[in-house]
Amino acid sequence: MEDTPPPAPTPTPPTPTPAPEPSPAADPTMAATTEEAVELPPQIFSKFVRPILVSRCVDCHGEQKQKGELRVDTPDWIRKGGKGGAVVVPGKPDQSSLYVSTTLLPDDADIMPVKGDPLSKREQEILRRWILGGAPMDDGKAFGAGAAGDGDFVEDKVAEGMNPANAALLENLRGKGVIVRPLSANGALLDVDYSHAEINASEYNFAELEPIAQNIFELDLTKAKISDADLAHIAKLTNLNKLELNRTSIGDAGLAHLAELGNLQQLNLYGTQVTDAGIVQLKTLKNLRRLFLYNTKVTAAGVDALQEFLPDAEVNIGN
């Protein structure tokens, strides 16, 4: 008598994937992305793509020299392309010569950059994912707009005439595990990121940022041991455009210090102690465009009250 095969197991339903937090810190170099969907980290161009272009491409494709009639030193010039036409086809990296030329064999006459080592696999993947995701250039324009070549990067405009940050101070920050990235072509405007630093509570000293206050354009204090009183130092960063305070102990008293940050466009307060009474103090931030309030004590009524003053701000409060 033949054995009866055991019944097929009942499939286990997949575990739902939790929604991402409102302050994505995804690294654009993660492997394998499908052509159907790609999620880009915020400001992928300013933080990741542009430094590659500045360090590896503008010597031959910048203001002083334009091989192949191509410039990559402003968003509009990139959109315009070169002698052979467009070098970036949004969504199609394999049809974008700006990417394809970096993936050729080292002895290929068309490989870019011509000088120095080829781009690393990480740098190539950054370009690929950026183009696959639509090639955003953080200037608010759709691709193909303003192709006359007269555009400029916001970061360069802010950094024009700015003195470089004190090198010893930056080295001290990096020694603590703080990531410091240049955002402008002249290296003066900075992104300062504490989110991965392993610093004891007693070692935090935000007063040390004051000598480079004008240089800081973005500041990430995710999970940092920062108090409401410490935000008095942050309030002196007059060029600050983006501030991450998610998962800190900040409360309403701290927000009072931020009311003078007139250039602030993005503020993340996810997982903090702020309430309706606190966020109304942000009504003076007329340039604020994105505010994250997930997992706080803020109510829908509090958001409505704030948006009477900031109607153009996108306020994300969650469920």
Side-chain angles (χ1 to χ4, degrees), residues 16-26 39-43 138 140 154 158 191-197 199 201 204-207 209-210 213 216-319:
T17 302
E21 295 182 2
S23 174
E39 181 178 352
L40 300 181
Q43 295 179 296
D138 305 342
V154 171
V158 175
D191 170 20
V192 179
D193 183 352
Y194 284 76
S195 64
H196 301 290
I199 305 176
Y204 281 96
N205 175 21
F206 296 105
L209 297 179
E210 291 184 19
I216 301 177
F217 194 67
E218 299 182 8
L219 180 62
D220 191 339
L221 296 173
T222 299
K223 297 188 290 186
K225 303 298 187 294
I226 186 169
S227 68
D228 287 337
D230 288 327
L231 288 185
H233 300 296
I234 305 306
K236 297 179 181 180
L237 311 184
T238 53
N239 285 322
L240 195 61
N241 178 274
K242 178 182 177 183
L243 177 59
E244 301 276 350
L245 291 170
N246 40 309
R247 288 179 286 176
T248 63
S249 60
I250 293 303
D252 292 346
L255 296 189
H257 295 297
L258 304 184
E260 300 302 319
L261 289 175
N263 290 312
L264 195 66
Q265 292 193 14
Q266 181 167 317
L267 176 60
N268 194 330
L269 296 170
Y270 169 90
T272 60
Q273 302 301 309
V274 299
T275 70
D276 292 353
I279 65 165
V280 75
Q281 299 175 94
L282 303 176
K283 64 184 181 182
T284 59
L285 303 182
K286 301 302 182 183
N287 287 314
L288 193 65
R289 292 295 175 265
R290 302 187 75 192
L291 175 61
F292 295 103
L293 296 168
Y294 296 83
N295 196 26
T296 66
K297 299 176 182 179
V298 175
T299 68
V303 172
D304 290 342
L306 177 62
Q307 296 217 272
E308 289 186 16
F309 299 95
L310 304 176
D312 296 328
E314 174 190 339
V315 182
N316 298 280
I317 192 173
N319 298 325

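- Under a 3.5 Å cut-off, the side chain of D220 and the backbone N or O of S195 do not form any donor-acceptor pair.
- Proximity of a side-chain donor or acceptor of N263 to a complementary backbone N or O of T238 within less than 3.5 Å is detected.
- Y204 and A224 get closest at one heavy-atom pair: OH-CA, 3.6 Å.
- Within a 6.0 Å radius of CD in E210, other residues, nucleotides and ligands contribute more than 12 heavy atoms.
- Minimum interatomic distance between K286 and F309 (heavy atoms only, all atoms of both residues): NZ-O, 3.4 Å.
- Note that CD1 of I250 and CD of Q273 are 10.0 Å apart. Values are rounded to the nearest 0.5 Å.
- Of the possible polar contacts, one joining the N287 side chain to the G262 backbone as a donor-acceptor pair under 3.5 Å is found.
- Within the 3.5 Å criterion, the main-chain N or O of Y270 finds no donor-acceptor partner in the side chain of N295.
- With rounding to the nearest 0.5 angstrom, the CG atom of L231 is 7.5 Å from the OG1 atom of T248.
- Rounded to the nearest 0.5 angstrom, L288 CG and L258 CG are separated by 10.0 Å.
- A pairwise comparison of heavy atoms in L310 and L285 identifies CD2-O, 3.3 Å as the closest pair.
- A side-chain contact (heavy atoms from CB on, under 4.5 Å) with V298 is found for exactly one of V315, V280, V274, L269, namely V274.
- Distance check, rounded to the nearest 0.5 Å: CG of N246 to OG1 of T296 gives 12.0 Å.
- Atom CG of L306 and atom CG of D276 lie 10.0 Å apart (nearest 0.5 Å).
- The closest donor-acceptor contact from the side chain of Q281 to the backbone of G278 lies under 3.5 Å.
- The main-chain N or O of A235 is never found under 3.5 Å from a side-chain atom of E260 such that the two would form a donor-acceptor pair.
- The distance from atom CD1 of I317 to atom CD1 of I279, rounded to the nearest 0.5 Å, is 7.0 Å.
- For the pair N268 and L245, the minimum side-chain heavy-atom distance is 4.5 Å or more.
- Put simply, the side chain of D252 gets close to the backbone of T275: a donor and an acceptor are under 3.5 Å apart.
- Between the S249 side chain and the I226 main chain, a donor and an acceptor come within less than 3.5 Å of each other.
- Between L219 and Y194, some side-chain heavy-atom pair lies under the 4.5 Å cut-off.
- The shortest non-hydrogen separation linking L240 to I234 is CD2-CG2, 4.1 Å.
- Residues Q266 and F292 are in side-chain contact: their nearest non-hydrogen atoms beyond the backbone lie under 4.5 Å apart.
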